[in-house]
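Naming: A, B, ... by sequence-line order, numbering from 1 per chain.
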Number of protein chains: 2
Amino acid sequence: MADPIKNILKNNHDIKVNGSLWLESADGHFFGPGPVELLERIAETGSINMAAKAMNMSYKKAWALVNALNTQTSTPVVIAQTGGKKGGGSTVTHEAIELIKYHRQLRERFKDFLEKETQLLKT
Amino acid sequence: MADPIKNILKNNHDIKVNGSLWLESADGHFFGPGPVELLERIAETGSINMAAKAMNMSYKKAWALVNALNTQTSTPVVIAQTGGKKGGGSTVTHEAIELIKYHRQLRERFKDFLEKETQLLKT
DNA sequence: AATCGTTATATTTTAAAAGACATAACGATG
DNA sequence: CATCGTTATGTCTTTTAAAATATAACGATT
């Protein structure tokens with residue numbers, strides 16, 4: 001029979017199957033783990049700036065992500081307000097929350113898949 | 001209830017869940033789609049050089065991949081021979097074939113997962 | 001010992017991505 | 001109407017990754 005994979009690999013302990021998921025359309029992928037976390041942080045902090053800092057990302061990159069998301073959804077997911085009492089801020093729409101929830105569940109299912117495969121690897 | 005995701009996304013047709021899988025150990029990931037294809041091509045052509053060309057990869061990168069694989073497996077997966085009647089060449093070990101087979105099956109199961117999720121996305 | 005195409009490796013160049021920095025607009029509020 | 005922190009952009013620099021180029025070793029075969 002075939003050799004178990006674990007015997008082929010060096011350091012066969014702590015070897016695991018890992019991966020990444022994203023949503024994509026014809027014009028490339030656009031909704032991966034990064035944007036999701038950003039949305040979550042914006043929802044928490046009410047600010048693109050603070051959200052970016054919290055995940056150690058430049059404001060510019062964060063803004064670009066938000067902008068990309070907003071143009072790729074039929075309804076904006078982040079509503080930014082410039083000026084105002086606190087200088088401005090951003091809120092997250094109902095749709096964004098749905099996206100976040102969806103992605104959390106998706107990630108959960110993916111995690112199950114990965115764990116199952118990792119187990120299989122060790123047999 | 002929650003809005004279906006497809007209604008949130010623009011271009012809701014041809015939207016799909018996609019992803020990537022790899023094996024990884026404590027010291028980073030090392031066995032992704034690229035290396036697998038490379039092994040397959042080396043098995044076909046008997047040469048790292050030709051395999052690299054076939055997948056439009058520089059020889060250097062191909063060699064680096066092979067080298068990484070060989071150092072991360074308990075037994076080499078590619079045996080390279082320098083010099084010789086045809087200048088040299090490379091063969092693939094039994095273990096490499098096992099790895100290829102494993103990865104094909106893994107990819108098949110992943111494909112199922114992705115298709116299931118893509119369907120779910122459209123409901 | 002000359003030849004051949006491949007392996008093996010170093011060095012340089014190019015390209016792309018990321019990061020740093022700078023600046024203006026904005027508008028509620030005091 | 002001056003202030004504030006945020007949004008919104010542009011530009012310039014740095015870092016990183018990839019690609020291109022160059023060169024030597026290798027050994028069966030002729």
Identify, with sequence neighbours excluded, every residue that meets side-chain hydrogen bond (donor to acceptor under 3.5 Å, both in side chains) alongside [X].
X: E95(A); value: T93(A)
X: E37(A); value: R41(A)
X: W63(A); value: none
X: N67(B); value: none

Determine all donor-acceptor pairs shorter than 3.5 Å in which one atom belongs to a side chain in residues 102-116 of chain B; sequence neighbours excluded.
{"residue": "R104(B)", "atom": "NE", "partner": "E40(B)", "partner atom": "OE2", "Å": "3.0"}
{"residue": "R104(B)", "atom": "NH2", "partner": "E40(B)", "partner atom": "OE2", "Å": "3.1"}
{"residue": "R109(B)", "atom": "NE", "partner": "E117(A)", "partner atom": "OE1", "Å": "3.4"}
{"residue": "R109(B)", "atom": "NE", "partner": "E117(A)", "partner atom": "OE2", "Å": "2.5"}
{"residue": "R109(B)", "atom": "NH2", "partner": "E117(A)", "partner atom": "OE1", "Å": "2.9"}

Which two nucleotides bound the region of DNA chain D that has atoms under 4.0 Å from heavy atoms of chain A, read 5' to 3'?
-> dG5(D) to dT11(D)
Determine: side-chain N/O of W63(B) to OP1/OP2 of dT7(C), distance under 4.0 Å, yes or no.
-> no
Which residues in residues 45-57 of chain A have at least one heavy atom lying under 4.0 Å from any atom of DNA chain C?
-> none
Divergence of helical axes at both termini of the helix from dA1(C)-dT30(D) to dG30(C)-dC1(D) - five pairs an end, 10° steps = 10°
Listed once per pair and sorted, the salt bridge (charged side-chain N to carboxylate O under 4.0 Å, His left out) pairs that draw on residues 42-63 of chain B, sequence neighbours left out = none
Pairs satisfying side-chain hydrogen bond (donor to acceptor under 3.5 Å, both in side chains), at least one member in residues 7-25 of chain A, at least two apart | N18(A)-E24(B), W22(A)-E24(A), E24(A)-N18(B), S25(A)-D27(A)
Of all residues at least two apart in sequence or in a different chain, which pass the side chain to side chain contact (heavy atoms under 4.5 Å, CB included) check with N56(B)?
-> none
For DNA chain D, determine which residues of residues 72-93 of chain B have any heavy atom closer than 4.0 angstrom to one of its atoms, and list them numerically.
-> T82(B), G83(B), G84(B), K85(B)
